[in-house]
Amino acid sequence: MLGVFKGGTLSEADSHFGAGKATPSVERVFDRIADLVMSVFDADIAAIDIQQDDGELLVIAVSAGETPEGDAVTDPVRSLDLGYASQARVPVRLDDGAAGELIVMCRGERSFTSRDLDLLRRFALLASESWALYYAPPADG
């Protein structure tokens with residue numbers, strides 16, 4: 001399992017999103033989600049990436065049986081060039097100016113059914129809700 005924050009430090013991520021909470025907890029949640037996706041789909045790599053509006057990669061959590069090369073996770077064409085024959089990507093919807101993807105990649109050929117994609121969307125919803133818990137503005141009252 002590899003959890004990597006890019007595009008700044010954890011405190012910079014907190015400042016950007018106004019969190020002020022323990023960011024490593026959301027990293028652990030993302031790592032666990034990626035681990036589950038990798039296991040459920042018997043994949044070579046599962047990842048969650050979150051990018052700012054300007055496209056800068058803010059956070060990425062990767063679960064891999066192998067170390068992905070360079071931008072294999074974030075660039076679908078590059079991942080095909082590196083031998084990941086099958087991949088599915090679903091959006092992680094965020095309301096704070098960031099956008100994300102939940103990605104599953106396999107070296108072998110595999111088709112993803114509508115049921116598979118529905119399950120991936122549910123995992124993406126879990127990632128979205130986890131992000132919101134850490135980066136939502138504090139509730140009044």
Side-chain angles (χ1 to χ4, degrees), residues 1-140:
M1 173 176 25
L2 170 69
V4 179
F5 283 83
K6 295 185 177 180
T9 65
L10 296 178
S11 61
E12 288 171 337
D14 275 350
S15 295
H16 177 77
F17 290 101
K21 296 192 179 190
T23 305
S25 295
V26 78
E27 177 188 23
R28 285 193 295 270
V29 171
F30 279 11
D31 283 343
R32 296 287 190 255
I33 293 169
D35 287 345
L36 281 168
V37 169
M38 190 172 134
S39 177
V40 166
F41 289 94
D42 195 25
D44 294 301
I45 294 177
I48 300 169
D49 79 36
I50 306 295
Q51 297 185 8
Q52 297 181 68
D53 280 343
D54 62 7
E56 181 181 348
L57 188 61
L58 180 65
V59 62
I60 185 165
V62 179
S63 181
E66 56 193 64
T67 303
E69 295 181 40
D71 57 358
V73 173
T74 57
D75 183 343
V77 174
R78 178 83 172 119
S79 62
L80 287 171
D81 291 343
L82 291 171
Y84 297 99
S86 305
Q87 56 186 298
R89 295 167 181 266
V90 296
V92 174
R93 301 192 190 285
L94 307 169
D95 293 331
D96 60 3
E101 269 187 318
L102 173 60
I103 305 152
V104 60
M105 300 187 317
C106 306
R107 286 206 176 271
E109 289 191 22
R110 171 202 174 132
S111 57
F112 292 93
T113 66
S114 59
R115 182 176 266 179
D116 291 337
L117 295 176
D118 185 51
L119 182 56
L120 278 176
R121 285 185 198 99
R122 290 171 190 257
F123 280 121
L125 179 60
L126 180 59
S128 176
E129 291 296 320
S130 300
W131 184 266
L133 285 172
Y134 285 92
Y135 296 108
D140 292 335

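Each residue takes its place number in the sequence, starting with 1. From a predicted model like this one, the values you see are computed outputs, not experimental measurements. What you see below is based on every heavy atom in this structure, not just the backbone, and it leaves out hydrogens, waters and symmetry mates.
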Which heavy atom of [X] sits nearest a heavy atom of [Y], and at what distance?
| X | Y | result |
| --- | --- | --- |
| A34 | A46 | O-CB, 3.3 Å |
| A88 | L117 | CB-CD2, 4.0 Å |
| S86 | G108 | OG-O, 2.8 Å |
| G100 | I50 | CA-CD1, 3.9 Å |

Residues which pass side-chain hydrogen bond (donor to acceptor under 3.5 Å, both in side chains) with Q87, listed by chain and number, not counting sequence neighbours: S79, R89
If I take atom [atom1] from residue [X] and atom [atom2] from residue [Y], how far apart are they, to the nearest 0.5 angstrom?
| X | Y | atom1 | atom2 | answer |
| --- | --- | --- | --- | --- |
| L94 | W131 | CG | CH2 | 7.0 Å |
| L102 | D49 | CG | CG | 9.5 Å |
| F30 | D35 | CZ | CG | 13.5 Å |
| M105 | R107 | CE | CZ | 8.0 Å |
| L119 | R115 | CG | CZ | 9.5 Å |
| L80 | D75 | CG | CG | 9.0 Å |

Under the rule for salt bridge (charged side-chain N to carboxylate O under 4.0 Å, His left out), what residues qualify as partners of D116, not counting sequence neighbours? R110
Do [X] and [Y] have side-chain heavy atoms sitting under 4.5 Å apart?
| X | Y | result |
| --- | --- | --- |
| V37 | L120 | yes |
| I103 | I45 | no |
| Y84 | C106 | no |

